[in-house]
Amino acid sequence: MKDYLRSILRSALKQFDLSEEELPDIQIEKPNQPGHGDSASNIALNLSSVLKTNPRSIAEEIVQKLEYDPKKIKAVEIAGPGFINFRYAEDYLYDELQHVLKQGRDFGKTATLSGNRILIEFVSANPTGPLTVGHGRNAVLGDTVARLLEWTGAEVDREYYFNNAGRQMRILGQSVRARYLQELGREAALPEDGYEGEYISEIARSLVEEHGESLLNVDDTTAFKEKAEQLIFEEIQATLQRMNIRMDSFFNEQEVYDDGSIEKVIETFRKQDLAYDKDGATWFRTTRFGKDKDTVLIKSSGEPTYRLPDIAYHANKLDRGYNQCIDVFGADHIDTYPDVLSGIEALGYDRSRVDVIVYQFVTIVKEGKPFKMSTRKANFITLDELMDEVGPDITRFFFLMRAPNTHLEFDVAEAKAEGEKNPVFYLQYAHARIHSILRKVEQEYAFEDAPELERLTHESEKKLIKSIIRFPEMIQSAAESREPHRMINYLDDLASHFTSFYHDCRILGEKEQLVQARTVLAEATARVLANGLTILGISAPEQM
RNA sequence: GCGCCCGUAGCUCAACUGGAUAGAGCAACGGCCUUCUAAGCCGUAGGUUACAGGUUCGACUCCUGUCGGGCGUACCA
């Protein structure tokens, strides 16, 4: 519908004396006030500065020249300072409603991004411990944005980037070794900054089981590190799977060392005088990109900082034929990404091909109090513990509920509450309730003729239809903005329109044609709820 | 100090990327169950959108400044 309105407005505007540049984008939006129609355009207001006339008379002129299909648009009005308001024709609503059932599981899919190959990188937690709630927001955001993009026609791959070398992993190996020795009754101290979590002891115990005392005199921590990595990764994957997330690939940072791309990056930078040596280290001239300090790429110890492989990794992603890469990371990493962008730009890539979703921190609220966490200290809530308490559906929902770029308060008590307080149930309940009715309809009726949708004339029925058919546009806007919470807000609104309809209009016990028409409406609602919940990765039960 | 993000009803948050009278959910108050799931519906109350300026037909949204909170500001990841 938006496209249709844009096209008829555009042809009306052709009759004005305007150049292409003077013509502003035609915006179509859904007015807040129902009295203002179903769609509205502010085009006349935007044109008033160009044409130097008052917007109302421009609107009048546009409307005069407007040609539209009465099967789609019932009325066009000018209101307020110069808005053009459109009211949809009933026929249009009924036609669209038919489509919903015809398309079924695919209703909502568009081809907006078809032909695009997108790589979305998320979670990317190093295997030093179980996933925590902080990773949870990352994981769910990344996966859901991926689903949204898939629904708009893009081909999306999910990738997990990790590093199993470096200091943290060394300390991990040392920590496991210390616990292993302790398990066997030997004296051993955790290294400084060692990992204190109980899972370290579990890894140590499984080493005791496998190798008995044979590792007692092994000073090298490699065996401990590798076992830890293996077990922790298994656990991470199990956790992700439990959250309904499947990665397409895992990328080890080591690869960009092994294939020589690290050196290539440095070389290319040097050629452009973007890299230089100072104090035994190699620096990236980030000042040239507007930063007030240059950045170390290779420490004087000879070890690269994480920025260097990060740049090489992004180049690698773009080289693999993705036209767009999306990274998901927490606010604490915000400083690194301008350097990565500068880096790939220096390598000759268009920086707009890398896009970033930054999310703010999660505060877990337990018993009314916020809970501060740190992975290294044993003081954290794992994602698994959270899912043990509230289940995967609610976990996903709560992480998606808020705009990414705002702090998220996850109130465990609220999440655990049955019904009333809990927004997830509201959606699932509406869905289950519809299916309960559909089961009864199936038992009692056998419709033979095509449904007469024009019998849906009640105000609540029409509002519900309008809400339903907005779904595809909703997906597009959530995908484009990378803000899954919009989908939640929409579904909530849809469910609320349904329950109003449910209270105003009965389905069973009415005249057969009306039963049939309302059944179609209910079915379409359930369809959209189910499709929407699928995008969110949340189940849509038919019974509760 | 500097950089990024945030500040909206008592609490947690929306507001379609600059649109018309700022909306939901909890919490409070008042109604609604011999009829399709009351895990629900309807209503009342609650606001100078932190504050002060500016930009324009129009600002919660953009710009400047102030105050308050979070994160970063490493040859850690």
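Order of the sequence lines sets the chain letters (A, B, ...), proteins ahead of strands, with each chain counted from 1.
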Practice task
Check the distance between B:rC36's P and A:His431's NE2 and give it to me in whole angstrom.
Solution key: 20 Å
Practice task
May I ask you to verify if any side-chain N or O of A:Asn32 is less than 4.0 angstrom from the OP1 or OP2 atom of B:rA20?
Solution key: yes
Problem - Nearest-nucleotide comparison on RNA chain B, the residue closer to the 5′ end among A:Gln543 and A:Asn42 - result: A:Asn42
Practice task
Could you work out the separation of B:rA50 and B:rA45 based on their P atoms and round it to a whole Å?
Solution key: 24 Å
Exercise for the section: Determine, step by step, whether A:Tyr276 and A:Phe269 satisfy the ring-ring contact (aromatic ring centres under 6.0 Å, His included) criterion, reporting the C-alpha distance in whole Å, the side-chain angles of both residues, the deciding distance to 0.1 Å, and the verdict. Expected result: CA-CA 9 Å; A:Tyr276 64 94; A:Phe269 284 7; over 10 Å; no
Exercise for the section: Could you grab the distance from atom CD1 of A:Ile488 to atom CG of A:Leu533, nearest 0.5 Å is fine? Expected result: 9.0 Å
Exercise for the section: Identify whether the glycosidic angle of B:rU34 places it syn (within 90° of 0) or anti. Expected result: anti
Handout entry: hbond_proxy A:Tyr429 side chain to B:rA39 base (donor-acceptor, 3.5 Å cutoff)
Key = no
Fill in the blank from the handout: Counting primed atoms, P, OP1 and OP2 as sugar-phosphate and everything else as base, the B/S/- map of nucleotides 5-12 of chain B against protein heavy atoms under 4.0 Å is SS-----B
Practice task
May I ask you to verify if any side-chain N or O of A:Ser500 is less than 4.0 angstrom from the OP1 or OP2 atom of B:rC41?
Solution key: no
Problem - With sequence neighbours excluded, residues passing side-chain hydrogen bond (donor to acceptor under 3.5 Å, both in side chains) with A:Asp355 - result: A:Arg482
Handout entry: Sequence neighbours excluded - salt bridge (charged side-chain N to carboxylate O under 4.0 Å, His left out) pairs with any residue from residues 485-499 of chain A
Key = A:Arg470-A:Asp493, A:Glu483-A:Arg486
Practice task
Could you work out the separation of B:rG19 and B:rG58 based on their C1' atoms and round it to a whole Å?
Solution key: 7 Å
Exercise for the section: Under 4.0 Å between any heavy atoms, over every strand shown, what does A:Glu303 touch: base, sugar-phosphate, or nothing? Just pick one. Expected result: nothing
Exercise for the section: Identify whether any heavy atom of A:Ser481 sits under 4.0 Å from a base atom; if not, whether one sits that close to sugar-phosphate; answer base, sugar-phosphate or nothing. Expected result: base
Practice task
Whenever both distances are under 3.5 Å in a Watson-Crick or G-U wobble pair, mark it; put RNA chain B into dot-bracket that way, with [ ] for crossing pairs and | when the partner is on another strand.
Solution key: (((((((..((((.....[...)))).(((((.......))))).....(((((..]....))))))))))))....
Problem - Rounded distance in Å between the P positions of B:rA59 and B:rG53 - result: 14 Å
Practice task
With the side chain of A:Leu45 defined as its heavy atoms from C-beta on, choose the nearest nucleotide among B:rA20, B:rC71, B:rC57.
Solution key: B:rC57
Practice task
Name the nucleic acid region contacted by A:His333, choosing base, sugar-phosphate or nothing; use a 4.0 angstrom heavy-atom cut-off, strictly under.
Solution key: base
Problem - Selection residues 50-60 of chain A - residue pairs positive for side-chain hydrogen bond (donor to acceptor under 3.5 Å, both in side chains), sequence neighbours left out - result: none
Handout entry: Any A:Ser301 side-chain nitrogen or oxygen under 4.0 Å from OP1 or OP2 of B:rC75
Key = no
Exercise for the section: Summarise how protein sits on nucleotides 29-35 of chain B as a single string, 5' to 3': B when a protein heavy atom is under 4.0 Å from the base, S for sugar-phosphate-only contact, - for no contact. Expected result: ------B
Exercise for the section: Compare the aromatic ring of A:Phe83 with the six-membered base ring of B:rA20 and state whether they stack according to the 5.5 Å and 30° rule. Expected result: yes
Practice task
Would you please indicate if the ring centroids of A:Tyr161 and A:Tyr313 are separated by under 6.0 Å?
Solution key: yes
